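Count residues from 1 along the sequence. Because the structure is predicted, anything quoted here is derived from the model rather than measured.
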Amino acid sequence: MAADGEGVGLFRTEFLFMDRDAIPTEDEQFEAYQQAALTLKGKGLIIRTLDIGGDKEIPYLGLEKEENPFMGFRAIRYCLKNKDMFKSQIKAILRASAFGDVRIMFPLITAVEELREGKALVEECKAELKEAGVDFNDDIPVGVMTETAASGVIADLLAKEADFFSIGTNDLTGYTMAADRGNSDVAYLYSPFQPSVLRMIKSIIENGRAADIPVGMCGEAAADPKMIPLLISFGLTEFSVSAPSVLKVRGTIAKWTKDEADKVADKVMRMTTEAEVLEYLDSVV
């Protein structure tokens with residue numbers, strides 16, 4: 001709010017589960033979500049459901065050690081197998097939706113079935129809250145964090161059943177390039193300016209817009225001045241960046257017209273290597 005942001009594009013609920021020895025109760029979660037909604041005074045609040053696993057360890061949840069945790073039992077996969085815990089979180093979010101413009105976002109979606117199962121649980125929770133006489137927004141938007149190559153490839157299918165997309169560029173880059181940014185031997189591959197990643201981003205945005213749903217972007221790329229003209233051209237609806245970056249990103253966006261951005265993007269999308277892309281963007285940004 002101090003940085004004049006127009007909302008919160010990614011509320012990371014995993015922090016409520018960390019640095020403690022038990023799952024936060026529904027009431028504890030509700031209080032945190034309600035406080036955020038009230039603080040925003042009607043501005044949008046996208047709450048991502050629990051995204052654990054990978055590099056986020058929470059010992060009391062009893063996740064078994066995996067050889068490849070980033071491709072394992074994490075995020076929406078864990079939540080759909082632990083329905084009581086998941087429903088407690090969904091109910092807390094629904095209750096908070098009575099106090100502001102709250103939206104639900106599922107992480108690591110790779111199949112339409114996962115989105116459908118998550119949405120079905122939201123409907124179950126709505127029915128139980130109605131029976132208990134609890135207020136909530138019955139039309140709460142439910143969206144998808146498109147951060148896997150699978151979600152990018154089926155973005156047209158997901159767009160028919162999601163209320164919005166948010167592109168998670170950090171994971172999308174890693175999964176598309178099959179490169180761990182923490183591994184110095186392959187870090188050279190980890191770049192959102194790789195032609196494959198740019199094509200994936202463009203496809204997700206175009207499929208979302210074709211279905212008339214908003215498409216945002218979370219991740220470091222949304223604040224990169226070199227990426228911004230491409231995102232403008234592709235038709236990105238919302239930029240989700242860290243609070244200190246809000247005014248700077250807004251200023252960068254204001255420097256570009258759509259026609260100018262389209263000319264840059266047209267050239268970039270015909271290039272074949274990351275080096276070509278960055279050399280060109282450095283010359284025009």
Side-chain angles (χ1 to χ4, degrees), residues 9-12 14 46 48-56 68-72 74-77 105-112 114-115 118 143-159 162 164-183 186-211 213-242 245 249 265 268-269 271 273-274 277-278 281:
L10 176 59
F11 186 103
R12 301 172 183 268
E14 62 269 20
I46 297 177
R48 183 176 68 185
T49 58
L50 183 61
D51 186 6
I52 50 135
D55 58 350
K56 305 185 193 88
N68 194 344
F70 283 96
M71 294 190 180
R74 56 172 295 219
I76 194 69
R77 300 166 179 181
M105 179 164 67
F106 297 137
L108 205 77
I109 293 293
T110 56
V112 171
E114 292 169 330
L115 173 57
V144 166
M145 193 159 193
T146 47
E147 55 187 331
T148 65
S151 65
V153 172
I154 61 166
D156 59 326
L157 305 179
L158 292 170
F164 64 90
F165 283 162
S166 183
I167 302 171
T169 49
N170 295 349
D171 275 350
L172 183 65
T173 301
Y175 284 124
T176 300
M177 295 303 299
D180 178 0
R181 62 176 167 170
N183 182 333
V186 297
Y188 70 97
L189 292 167
Y190 183 89
S191 167
F193 295 99
Q194 289 281 358
S196 57
V197 181
L198 290 175
R199 288 185 181 196
M200 191 72 76
I201 291 170
K202 185 173 188 281
S203 174
I204 292 169
I205 295 171
E206 288 180 343
N207 279 294
R209 297 301 297 272
I213 64 172
V215 184
M217 176 176 283
C218 300
E220 295 163 17
D224 191 324
K226 291 191 289 292
M227 182 65 79
I228 286 172
L230 303 181
L231 299 176
I232 291 171
S233 176
F234 297 163
L236 191 73
T237 313
E238 298 173 353
F239 292 71
S240 178
V241 301
S242 63
S245 301
V249 169
V268 164
M269 297 309 288
M271 294 176 177
T273 68
E274 182 217 16
V277 171
L278 287 177
L281 289 175

- Please tell me if the side chains of L230 and I201 come closer than 4.5 Å, counting only heavy atoms from C-beta onward. no
- Give the minimum heavy-atom separation between P229 and P225, together with the two atoms involved. CD-O, 3.2 Å
- Hey, does T49 have a side-chain heavy atom less than 4.5 Å from the side chain of P107? yes
- Task: Measure the shortest side-chain to side-chain distance between M105 and F11 over non-hydrogen atoms and say whether it is less than 4.5 angstrom.
- Result: no
- Side chain of R77, backbone of G72: donor and acceptor closer than 3.5 Å? yes
Would you be so kind as to tabulate the donor-acceptor pairs closer than 3.5 Å made by side chains of residues 146-156, with sequence neighbours excluded?
residue	atom	partner	partner atom	Å
T146	OG1	S166	O	3.4
E147	OE2	L108	N	2.6
T148	OG1	I109	O	3.2
T148	OG1	S151	N	3.0
T148	OG1	S151	OG	3.2
S151	OG	E147	N	3.4
S151	OG	T148	N	3.3
S151	OG	T148	O	2.8

- Query: So do the side chains of F106 and E114 get within less than 4.5 Å of each other, counting heavy atoms only?
  - Reply: no
- So how far is it from S203 OG to E206 CD, rounded to the nearest 0.5 Å? 7.0 Å
- So which heavy atom on D51 is nearest to which on A75, and how close? OD1-CB, 3.3 Å
- Item | Value rounded to 0.5 Å, distance of OG1 in T176 from CZ in R199 | 12.5 Å
- Chi angles and distances behind the side chain to side chain contact (heavy atoms under 4.5 Å, CB included) call for F164, T237: CA-CA 10 Å; F164 64 90; T237 313; over 6 Å; no
- Enter the distance from D224:CG to M217:CE here, rounded to the nearest 0.5 Å. 10.5 Å
- N/O donor-acceptor pair under 3.5 Å between T173 side chain and T169 backbone: yes
- Query: Say you draw a straight line from CZ of F239 to CE of M227; how long is it, rounded to the nearest 0.5 Å?
  - Reply: 10.0 Å
- Grab the two heavy atoms, one from M200 and one from L172, that are nearest each other, plus how far apart they are. CG-CD1, 3.8 Å
- Query: Would I205 and L231 satisfy side chain to side chain contact (heavy atoms under 4.5 Å, CB included), going step by step from the backbone distance to the final call?
  - Reply: CA-CA 9 Å; I205 295 171; L231 299 176; 4.3 Å; yes
- Between L10 and S240, the two heavy atoms sitting closest are N-OG, 4.0 Å
- Do any N or O atoms from the side chain of Q194 and from the backbone of S191 form a donor-acceptor pair under 3.5 angstrom? no
- Atom pair CG (N170) and OH (Y190), whose distance is rounded to the nearest 0.5 Å: 4.0 Å
- Task: With rounding to the nearest 0.5 Å, note down the distance linking CE in M271 to CG in L198.
- Result: 11.0 Å
